Colleague: 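Have a look at this one.
Since the model is a prediction, treat every value here as computed from it, not as a measurement. In what follows, chains are A, B, ... by sequence order, proteins preceding strands, each numbered from 1.
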Amino acid sequence: MMHAATAHHSSTGLDSRKLAFWMFIGSECLLFGSLISTYLVYQGRSVQGPTPEEILNIPLTSVSTFVLLMSSLAMVLALAAVTRGDRTWSRVWLLATALLGVGFLGFQAYEFASFVHEGLTLRTNLFGSTFFVLTGTHGAHVFIGVVWLLTLVVRSLQGKLGPDKAMNVEIAGLYWHFVDVVWIVIFTVVYLLS
Amino acid sequence: MATSVAQHAPAGPATLGARLWSWITTTDHKRIGILYGVTAFAFFLLGGLEALIIRLQLASSGNTVVSAEAYNQLFTMHGTTMVFLAIMPLSAAFFNFIIPLQIGARDVAFPRLNAFSYWVFLLGGLFMNASFLVGAAPNGGWFGYANLTSTQYSPGLNIDFWVLGLQILGIASIAAGINFIVTIINLRAPGMKLMRMPVFTWMSLVTQFIIVTAFPVITVALVFLMFDRFFGTTFYSVAAGGDVLLWQHLFWLFGHPEVYILILPAMGIISDVIPTFSRKPLFGYAIVVYSGLLIGVLGWGVWAHHMFQVGLGPIADSVFSATTMLIAIPTGVKIFNWIATMWGGKIRFTTSMLFAVGFIAMFIVGGLSGVMHSSPPADLQQTDTYFVVAHFHYVLFGGSMLGIFAGIYYWWPKVTGRLLSERIGKLHFWLTVIGANLSFFPMHFIGLLGMPRRIYTYDPALGLDTMNLVATIGAFTMGLGALVFVVNVIWSRRRGELAGNDPWGGATLEWAISSPPPVYNFSVIPEVSSRLPMWAEDGMTPVPATPPAPVHVPGGSYWPVVAAIGIVVMAIGAILKSLLITLGGTAVLVVSIYAWSFEHFEV
Amino acid sequence: MSDQPAHSDHKHPGVGTYLTVAGVLTVITLVEVGVFYVPAFERVLAPILLTLSGAKFVLVVMFYMHLKGDHRFFKLFFTLPLVIAVAVTIALLFLFGTFGGSPS
């Protein structure tokens, strides 16, 4: 069997980009794992300043968590739409995912601002440092995801997001769902188990 | 950028500018491998120079060659340079050049990402060393313990250079790690099952896996330190209730797997070299592979053996002591396999083989001192003394570097088309091995007799002057060896014997093609039916000298280097405390990512 | 351009499955929040919440990220680092005395 003509071929039949992206997600598990470990290890050790019980707003964060969960639904619906070549719904669902992500970020921005107002900043105490760096890193990931999704929306509007590009959307979806899954852990560990 | 179709060797563009541009925009794994090799070797010489100054200072008690502050910068940069800018990228040179050839591929899975990793490494290394120009080289040790690294105790730019530089290098490593994992899993030739791959490729696969899992941890540790220093957070602030041990745990969670990152590629190299020069297949191939896998996994369970002296408590001490002893087993197993390979073989003591055997001998010594550290009560005597310095130089120099030299002598003909001189090589070998033992063996005694690490001078009353002097002589002997190697390189370019495809009679696929390989590697991707395709009867389908049909070869791209520049500019902005410059760097990076994504580039 | 994936396929779940999963995720979230506010559950809060959020985690990974039915390499690339991360987290909790074990 000759493979002279192309450099491609795949020993496993799998898409290299998808393999790469799962490996990246694996490494992100260690990134967030380290951040979460630090949060947990430092829990209850702040010597002064606001504590989680005093300042965290569970009802509000439950809503934002729900928003992010629903964005994952929108994302899989987007992938399904792209796969079947449905231009309109591809755009609708991709945009919906992005907007729900923006909604989540909006909640987070409000939360951060109100915490600062109540006297909790990055430098106030251990809780401030660990909380803001952990959730801020997560938020930055959401932000990058939103930019990525909006880019896909633009590509779709340009007619360049047909079914042949489904893998691109699938990978964006992997990223998005992973960011959601990290939030599931953070919500439980930081908010509910405070 | 354009893609090109090549039928034969690349026609070199004539002008210097065009040639330089072709190297800057290259996405060819072979060129990237050469870039890594040359750059890493230059950093190796720099790190060696730092070592020589250190040894000059320590050659006698109460010496005044350098000040304490300068000394701190020297030993910090020596360690940081050797680990991150020499050994890792020298290994990367081999990953790049050799892995695609060994698995029968035309290139790595993501050629532009590959180039990106190189440029980020180069610029990151230059960034970190630029600190010397402002007299503020990192000075907190290669391990940067908190809270010495806080702004309170390290107010200057030194630690900032270190924190930013290492994060940059981490990006390069993780990107390359993902690239090679996908390459090895997904781009193997037909019939190249995982258990038919050369051990070098296997060990490299395990190494990449360790890289992508361990580097995020040090990234987080560094981010915390950076935030403490730049934004006043309290991660390592004792006053705020923080724990300086957090740094140590996070650092060593990375740091211990890191030492396996440093040694596994060299182990892989000699696992290929020894069978070739014993004319005998590797004894217990599967065991060697599984041992490597086991080391990769167990390596995650031993980190706190670097912290036996901090007061972890008896339970933690015992657990980590046990896991550390356990990990000696797969390591020891490999040694038996290498020796058993040689046993009964038809041995040729080429320079490469000498270095491989030297590796075994010196690594055993380093392993023995390592196992001595695994007992916490014994370690309390040894830790933070020169005994540890002896241990890790035996494994890192006697192990990794000798292994790398074995690889250099082995694969040099494949890369350049010419052999290195065996005569000069043997001189290089003996100077190196004698120098290394002269330098590092006395350190076992120097340490146990009470000389701590990381001190710029010592008291004559210790009575350690003579041994330190011997260690210094050993260091200069190694330096001489390195110079001899450089002479060998120059000699080889001019007068080295032409290698042909297979100067050594190797068993693996890289020896099936010309030296140097054509730009497309294999005119026809072979189908493989053996672990030893070049040795076995019908081990592989033939690879004709010229391709029967035109072979597509991707062209170059400048986005990788531009993206790398964006990242380093971000760091420069941080060091200069200029938000504008950092934002500028970010903008360059973002634009590069988009341009790269939408560039027409066919693999 | 791309590889011809030789289909280790895995039909993608239908919209029905996606909606069902979304429904289950919503219900679990409601239960979590509910449990949080019920004083009776305080002592067993941690195990319950960890189990519930673990279930959400698994659902999203298996169905939305399609790991269920995907090739084992994808599973390996995710699971092995995840296991390391969880093991390290637990080890650090012990080492820092969070479980009242070894003092830091």
Colleague: Using a 4.5 angstrom heavy-atom cutoff, name the option from B:Phe227, B:Phe110, B:Phe209 with the most pairs to chain A.
Modeller: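 Highest number of heavy-atom pairs under 4.5 Å: B:Phe110.
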Colleague: Between A:Arg155 and A:Asn168, does any side-chain donor sit less than 3.5 Å from a side-chain acceptor?
Modeller: no
Colleague: Contact part of A:Tyr42 toward chain B, heavy-atom cut-off under 4.5 Å: side chain, backbone, both or neither?
Modeller: side chain
Colleague: Scan residues 58-103 of chain A for pairs that pass ring pair (Phe, Tyr, Trp, His ring centres under 6.0 Å), counting only residues two or more places apart or in two chains.
Modeller: A:Trp89-A:Trp93
Colleague: Name the one of A:Leu149, A:Leu79, A:Val181 that satisfies side-chain contact (heavy atoms from CB on, under 4.5 Å) with A:Trp176?
Modeller: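 Per the side-chain contact (heavy atoms from CB on, under 4.5 Å) rule, the option paired with A:Trp176 is A:Leu149, out of A:Leu149, A:Leu79, A:Val181.
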Colleague: Taking every non-hydrogen pair under 4.5 Å, which of A:Thr137, A:Val147, A:Asn125, A:Val133 racks up the most with chain B?
Modeller: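 Max contact count across the listed options: A:Val133.
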Colleague: Quick one: what part of B:Ile211 sits under 4.5 Å from any heavy atom of chain A, side chain, backbone, both or neither?
Modeller: neither
Colleague: Within the 4.5 Å heavy-atom criterion, are B:Thr183 and B:Ile103 side-chain neighbours or not?
Modeller: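 The answer is yes; the side chains approach within 4.5 Å.
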Colleague: At a 4.5 Å cut-off on heavy atoms, which part of A:Val47 comes close to chain B: side chain, backbone, both, or neither?
Modeller: both
Colleague: Is chain A contacted by the side chain of B:Ala239, its backbone, both, or neither, given a heavy-atom distance below 4.5 Å?
Modeller: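 Only the backbone of B:Ala239 comes within 4.5 Å of chain A.
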Colleague: Before giving the answer on side chain to side chain contact (heavy atoms under 4.5 Å, CB included), spell out for B:Thr151 and B:Asp228 the whole-Å C-alpha distance, their side-chain angles and the decisive distance to 0.1 Å.
Modeller: CA-CA 8 Å; B:Thr151 42; B:Asp228 273 12; over 6 Å; no
Colleague: Just give me the residue among B:Asn179, B:Thr219, B:Ile185 that pairs up with chain A most often, heavy atom to heavy atom, under 4.5 Å.
Modeller: B:Ile185
Colleague: Has A:Tyr110 got more than 12 heavy atoms of other residues, nucleotides or ligands less than 6.0 Å from its OH?
Modeller: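 Atom OH in A:Tyr110 is not crowded, with 12 or fewer foreign heavy atoms closer than 6.0 Å.
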